[in-house]
Participant: 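Got a structure for you, written out below as structure tokens; questions coming shortly.
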Amino acid sequence: MASIDISEVSKIYDGGVHAVKGVDIDIADGEFIVLVGPSGCGKSTLLRMVAGLEPISQGTVRIGDRVVNTVEPADRDIAMVFQNYALYPHMSVYDNLAYGLKNRKTPKVEIDAQVREAARMLEIEPYLDRKPRALSGGQRQRVAMGRAIVRKPAVFLFDEPLSNLDAKLRVTMRGEIRKLQRRLGTTAIYVTHDQLEAMTLADRLVVLNGGRIEQIGTPLEVYNRP
Ligand code: ADP
Ligand code: ADP
């Protein structure tokens, strides 16, 4: 687990787009934060800066006591889940889950235990030998979640992970994501443009507009204003 301190963070892309403007968010250990707002308001850019995937123009992001920009990618204690799953098509589900652990030179017995535990939690044990193309969209998204939880990272980052799924599956997976996050106590930042998704998932919502924070608070505080 880790707290996240986003302090006076701005992003100006080459070419001059000012995508994020002086954003401050203090995220507690184990908190589930949802970034919500219209397309182009800066959600993905902010998330990618927290992930260390996008250079920060101004300000700092700290995860625990470490400044994100100074930590080597392999040492970042985060896992990211995308809408397009980002699975390796030529690898079995098992190898997809094991991949991140193998890269860290984890002993084989331990890898096996962790892969099976993650697969059990997500109910994808029956598919461990299949290739991703032999799975449904919902099963693929479970594998993508499995890849995120298998390393037991301190932080989960979600970039619209459910937007390729049908409405019914979105509701199911939403519940499962929240349950897993609670059980593991992992701090989470979740990007969506779906208000209902935001309201049902968030401990606190951050509403972005034009790269700035418009509102921040619990779903009740943000959506139930008189
Ligand atoms: P959101 O995730 O809320 O849809 P983004 O963070 O993707 O918003 O984009 C915020 C703004 O930054 C938009 O105006 C977008 O066009 C711009 N932008 C995003 N990525 C890049 C990039 N790599 N280069 C230049 N501009 C970008
Ligand atoms: P989303 O709205 O889901 O964040 P976008 O369609 O804005 O997705 O962006 C998709 C990809 O294109 C991202 O990798 C983003 O960095 C890049 N991108 C977005 N806007 C621009 C832009 N104006 N110039 C260059 N790259 C961009």
Side-chain angles (χ1 to χ4, degrees), residues 4-27 31-63 67-71 73 76 78-87 137 140-141 144-145 147-148 153 155-167 169-170 173-174 177-178 181 186-219 221-223 225:
I4 304 174
D5 177 18
I6 299 172
S7 178
E8 286 296 313
V9 165
S10 295
K11 176 70 185 184
I12 303 168
Y13 282 109
D14 297 339
V17 177
H18 205 157
V20 173
K21 301 171 182 170
V23 164
D24 275 308
I25 316 170
D26 264 322
I27 303 172
E31 194 174 17
F32 200 111
I33 289 283
V34 177
L35 301 181
V36 70
S39 185
C41 71
K43 305 182 295 294
S44 298
T45 300
L46 184 57
L47 196 74
R48 290 204 304 265
M49 288 193 284
V50 174
L53 298 174
E54 190 76 70
I56 299 170
S57 307
Q58 285 158 23
T60 45
V61 176
R62 284 191 184 76
I63 296 180
V67 176
V68 163
N69 331 41
T70 63
V71 177
R76 289 185 192 132
I78 62 171
M80 202 156 171
V81 184
F82 303 92
Q83 62 177 271
N84 57 7
Y85 320 125
L87 302 178
R140 283 180 208 172
Q141 192 47 267
M145 279 293 299
R147 280 191 19 180
V155 173
F156 288 145
L157 302 176
F158 298 98
D159 196 350
E160 309 232 13
L162 305 182
S163 47
N164 282 342
L165 304 179
D166 65 52
L169 203 49
R170 273 208 301 273
M173 287 302 297
R174 184 161 94 198
I177 285 177
R178 194 60 171 114
Q181 183 268 346
T186 313
T187 311
I189 306 180
Y190 189 104
V191 163
T192 183
H193 59 265
D194 180 332
Q195 264 193 28
L196 188 64
E197 202 168 290
M199 280 170 63
T200 44
L201 281 170
D203 289 324
R204 272 192 306 156
L205 284 160
V206 177
V207 183
L208 289 177
N209 202 347
R212 290 185 204 283
I213 294 182
E214 193 172 72
Q215 285 190 73
I216 182 163
T218 63
E221 287 165 348
V222 170
Y223 289 119
R225 293 255 161 111

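Numbers here are sequence positions counted from 1. Start at 1 and go down the list; that is how both ligands and their atoms are numbered.
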Participant: With heavy atoms of Pro38 as the reference, note each atom of ligand 1 found under 4.0 Å away.
Facilitator: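 So the answer, numbered in order with elements, is 3 (O).
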
Participant: Can you tell me how the ring of Phe158 sits relative to the ring of Phe32, calling it parallel under 30°, perpendicular over 60° and tilted otherwise?
Facilitator: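 Parallel, since the angle between the ring planes stays under 30°.
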
Participant: Report yes if Ala19 has an N/O atom closer than 3.5 Å to an N/O atom of ligand 1; otherwise report no.
Facilitator: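 No: no nitrogen or oxygen of Ala19 is under 3.5 Å from one in ligand 1.
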
Participant: For residues 16-26, which side-chain N or O atoms pair as donor and acceptor with protein atoms under 3.5 Å away, sequence neighbours left out?
Facilitator:
| from | atom 1 | to | atom 2 | distance (Å) |
| --- | --- | --- | --- | --- |
| Lys21 | NZ | Gly210 | O | 3.4 |
| Asp24 | OD1 | Glu8 | N | 2.9 |

Participant: Using a 4.0 Å cutoff against the non-hydrogen atoms of Lys43, which atoms of ligand 1 qualify?
Facilitator: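 Heavy-atom distances to Lys43 below 4.0 Å select 1 (P), 2 (O), 3 (O), 4 (O), 6 (O), 8 (O).
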
Participant: Which atoms of ligand 1 are found less than 4.0 Å from any heavy atom of Val17?
Facilitator: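 Every atom of ligand 1 under 4.0 Å from some heavy atom of Val17: 12 (O), 14 (O), 17 (C).
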
Participant: If we only consider heavy atoms of Gly211, is any one of them less than 4.0 Å away from an atom in ligand 1?
Facilitator: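 It does not; every heavy atom stays at 4.0 Å or beyond.
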
Participant: Do other residues, nucleotides or ligands put more than 12 heavy atoms under 6.0 Å from Arg178 CZ?
Facilitator: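 Yes, CZ of Arg178 has more than 12 neighbouring heavy atoms, counting only those of other groups under 6.0 Å.
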
Participant: Under 3.5 Å, is there a donor-acceptor pair between the side chain of Lys43 and the main chain of His193?
Facilitator: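 No.
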
Participant: Under 3.5 Å between some N or O of ligand 1 and some N or O of Gly40?
Facilitator: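 So ligand 1 has an N or O lying under 3.5 Å from an N or O of Gly40.
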
Participant: Polar-atom distance check: Thr45 versus ligand 1, any N or O pair below 3.5 Å?
Facilitator: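 It does: an N or O of Thr45 is found under 3.5 Å from an N or O of ligand 1.
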
Participant: Output all residues satisfying side chain to side chain contact (heavy atoms under 4.5 Å, CB included) with Ala144, sequence neighbours left out; order by chain, then residue number.
Facilitator: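 Residues passing side chain to side chain contact (heavy atoms under 4.5 Å, CB included) with Ala144: Val81, Tyr85, Leu87, Gln141.
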
Participant: Yes or no on side chain to side chain contact (heavy atoms under 4.5 Å, CB included) for Met80 and Leu53, after CA distance, side-chain angles and deciding distance?
Facilitator: CA-CA 11 Å; Met80 202 156 171; Leu53 298 174; 3.8 Å; yes

Participant: What atoms of ligand 1 come closer than 4.0 angstrom to any heavy atom of Cys41?
Facilitator: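 Matching atoms, with element in brackets: 1 (P), 3 (O), 8 (O).
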
Participant: Which ligand 1 atoms does Ser39 reach within 4.0 Å, using its non-hydrogen atoms?
Facilitator: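 Ligand 1 atoms under the 4.0 Å threshold to Ser39: 4 (O).
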
Participant: Could you check if a side-chain atom of Arg174 sits within less than 4.5 angstrom of a side-chain atom of Leu196, using non-hydrogen atoms only?
Facilitator: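 Arg174 vs Leu196: side chains touch.
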
